[in-house]
Asks: 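Pasting in a structure now, in structure tokens, and then I'll have a few things to ask.
Just so we're clear, the structure is a prediction, and the values are computed from it rather than from any experiment. Along the sequence shown, residues carry numbers from 1.
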Amino acid sequence: MIRITELRLPLDHPEEALREAVLARLNIPAENLKSLHVARRGYDARKRGHIVLVYNVDCDVTDEAAVLAAHESDQHVRPTPDTTYHPPKATLPEGMPRPVVIGAGPCGIMAALTLAQAGLKPIIIERGKDVKARTVDTFALWRKSVLTPESNVQFGEGGAGTFSDGKLYSGVSDPRHLGRHVLEEFVRAGAPEEILTISKPHIGTFRLVTMVMFIRAEIERLGGEYRFETRVDGFEMEGAGTERRLRGLRLSNGETLPAERAILAVGHSARDTFEMLRDAQVEMDAKPFSIGVRIEHPQSVIDVARFGASAGHEMLGAADYKLVHHASNGRAVYSFCMCPGGQVVAATSEEGQVVTNGMSQYSRAERNANSGIVVEVKPELDFPEDVLGGVAFQRKWEKAAFVAGGSNYNAPAQRVGDFLAGRPSTSLGAVVPSYQPGVTPTDLTQCLPAFVTDAIREALPQFERKLRGFSMEDAVMTGVETRTSSPIRLRRDREGQSPTLRGLFPAGEGAGYAGGILSAGIDGIRAAEWLAASL
């Protein structure tokens with residue numbers, strides 16, 4: 001097969017135009033094109049008045065070698081890559097405990113599935129509840145202001161990605177096409193097949209719930225075992241220094257589970273686990289993250305700003321955006337986890353704190369668009385002395401947001417017009433905030449560092465130049481967005497193991513190696529491969 005990339009056609013092209021474009025690009029007669037298949041479809045909307053569709057197409061042609069030779073200098077005509085995934089092969093030595101996966105988010109799920117497919121029958125330890133019970137607890141916070149610290153947006157089967165837009169794309173380097181394998185497993189679990197072809201696939205929260213349950217059933221069918229509502233509180237180790245080895249896991253139920261190989265995939269909000277790792281002298285470093293607010297606009301405003309007269313076109317769907325500004329105070333301000341046609345959600349995992357996140361359903365049909373507008377936090381400037389200083393930094397502003405919102409899990413909110421003018425909001429306008437359980441109009445400078453509010457004030461007019469309506473008076477900013485990524489990175493060597501605790505394989509968002517569902521899934525596969533290779 002031959003793959004043609006960057007094949008560009010008008011937004012409203014007739015169906016036969018794609019075949020004609022392939023024939024023209026390859027310069028072959030019609031009878032020599034035996035079949036074609038769209039490998040990927042996206043769009044280029046940089047010029048609102050001239051939006052084009054962009055295709056990657058796989059073609060079966062007569063005399064493939066000759067066609068490739070004729071296009072040797074064309075970087076957009078190449079053999080179709082082999083994306084077949086081959087699971088690792090390993091055998092557990094007699095008497096060795098089964099491998100353990102700590103955490104059942106996207107990273108842990110894909111790690112456990114890979115180990116199960118390799119015949120290693122993993123044990124999955126998840127501090128939260130199964131995804132159905134967890135959904136009930138999450139809705140209790142949104143609808144009744146009742147928080148369950150071990151079962152919420154952050155903790156439980158499926159991880160933080162379960163209550164998100166369900167974005168399935170990533171900018172990570174992926175020469176082995178592991179991302180494709182993750183998508184194929186998701187399709188087998190019930191995701192729509194279109195995620196294999198559209199350039200920015202997403203599946204939404206409710207579909208993720210059923211997919212997570214399907215993958216759990218497959219892991220159990222292959223001999224895996226889940227233990228919900230169980231937290232890892234410590235390690236049993238032997239040896240010293242770089243020769244320390246994992247021998248067991250101390251669990252929250254008082255049990256010590258024998259373990260010589262464990263993938264640590266706990267997510268970016270497992271703060272007590274980070275403290276346990278520090279106390280166990282597992283090497284880690286403070287890493288940058290970002291904090292800010294969630295901003296909401298009418299989705300129709302974003303659609304017109306991005307697509308102009310083509311807003312509402314079925315091939316484009318609800319518009320997204322990606323914005324960045326380098327502020328004069330040396331901090332980058334950028335949009336984060338943009339959710340078209342979605343809602344802002346309560347995402348705290350600790351009592352007396354307010355955290356926001358964004359979520360969309362598959363349809364992306366809600367009234368508002370929302371996105372994080374966040375500012376860089378730099379360990380060397382903001383908490384240079386403490387490896388866990390980022391956790392304390394996050395908690396400080398989450399607690400301030402709780403107070404500013406009314407100390408009842410309502411979130412503090414402010415109109416963009418008021419924020420830019422430097423005055424508190426006493427009421428809201430035409431944009432109705434979607435955050436549940438509710439918002440309190442106030443002054444967001446109470447719950448964000450000055451360098452963050454200064455940078456956002458500078459950035460908003462710049463974003464307006466790129467997207468008309470972005471700094472509209474009645475757009476709503478809701479605080480605070482603090483869990484953009486892990487505040488720490490656990491060190492790992494070329495074999496994927498902690499240099500100071502052999503047998504521990506740090507992976508995913510919590511370990512500082514991923515940022516989103518797809519990249520976390522990819523890292524989970526890699527961790528499982530490293531574990532299998534260590535056997």
Asks: Under the ring pair (Phe, Tyr, Trp, His ring centres under 6.0 Å) rule, collect the residues that match up with Y435, sequence neighbours excluded.
Replies: none
Asks: With a 4.0 Å cut-off, would you call K89 and E529 a salt bridge?
Replies: no
Asks: Among R40, R3, H37, find the one that has a side chain to side chain donor-acceptor pair (under 3.5 Å) with D58.
Replies: R3
Asks: Verify, without hydrogens or angle tests, whether N152 (side chain) and P149 (backbone) share a donor-acceptor contact under 3.5 angstrom.
Replies: yes
Asks: If the condition is salt bridge (charged side-chain N to carboxylate O under 4.0 Å, His left out), which residues does E366 pass it with, not counting sequence neighbours?
Replies: none
Asks: Counting distance only, does the side-chain N/O of H268 pair as donor-acceptor with the main-chain N or O of R483 below 3.5 Å?
Replies: yes
Asks: Any idea how F393 and F289 line up, ring-wise: parallel (<30°), tilted (30 to 60°), or perpendicular (>60°)?
Replies: perpendicular
Asks: When you compare the side chains of E350 and Q154, does any donor N or O come within less than 3.5 Å of an acceptor on the partner?
Replies: no
Asks: Check side chain to side chain contact (heavy atoms under 4.5 Å, CB included) between N408 and all other residues, then give those that pass, not counting sequence neighbours.
Replies: N410
Asks: Main chain of V345, side chain of N357: is a donor-acceptor contact present, judged purely on distance under 3.5 Å?
Replies: no
Asks: Salt bridge or not between E238 and R247? Use side-chain N to carboxylate O under 4.0 Å.
Replies: yes
Asks: Could you tell me whether a side-chain N or O of T148 sits under 3.5 Å from a main-chain N or O of E150, the two making a donor and an acceptor?
Replies: no
Asks: Strictly distance-based, threshold 3.5 Å: is any side-chain N or O of R244 a donor or acceptor partner for the main-chain N or O of Q281?
Replies: yes
Asks: May I ask you to decide if G128's main-chain N or O and E229's side chain share a donor-acceptor pair within less than 3.5 Å?
Replies: no
Asks: Only counting residues at least two apart or in another chain, list the ones meeting salt bridge (charged side-chain N to carboxylate O under 4.0 Å, His left out) with K200.
Replies: D320
Asks: Does a side-chain heavy-atom distance below 4.5 Å link I291 with V375?
Replies: no
Asks: Is S519 reaching over with its side chain to a backbone N or O of A514, donor-acceptor style, under 3.5 angstrom?
Replies: no
Asks: Are the charged groups of R127 and D233 less than 4.0 angstrom apart, N to O?
Replies: no
Asks: Take F163 and W142 through the ring-ring contact (aromatic ring centres under 6.0 Å, His included) test and state the conclusion after the steps.
Replies: CA-CA 12 Å; F163 298 97; W142 295 353; 5.8 Å; yes
Asks: Between the side chain of R367 and the main-chain N/O of S434, is any donor-acceptor distance below 3.5 Å?
Replies: no
Asks: Can you sort out the partners of N368 under side chain to side chain contact (heavy atoms under 4.5 Å, CB included), two or more places apart, ordered by chain and number?
Replies: E296, V431
Asks: Taking E376 for the side chain and S290 for the main chain, is one N or O donor matched with an acceptor at less than 3.5 Å?
Replies: no
Asks: If the condition is side chain to side chain contact (heavy atoms under 4.5 Å, CB included), which residues does I198 pass it with, not counting sequence neighbours?
Replies: R41, E194, P201
Asks: Strictly by modelled atom types, are T500 and E283 linked by a side-chain donor-acceptor pair under 3.5 Å?
Replies: no
Asks: For K287 and S486, indicate whether the former's side chain and the latter's backbone hold a donor-acceptor pair under 3.5 Å.
Replies: yes
Asks: Ring centroids only, cut at 6.0 angstrom: are F402 and W397 within range, meaning strictly under it?
Replies: no
Asks: Determine the sole option in R261, E260, R502 for which the side chain to side chain donor-acceptor pair (under 3.5 Å) test with S534 is passed.
Replies: R261
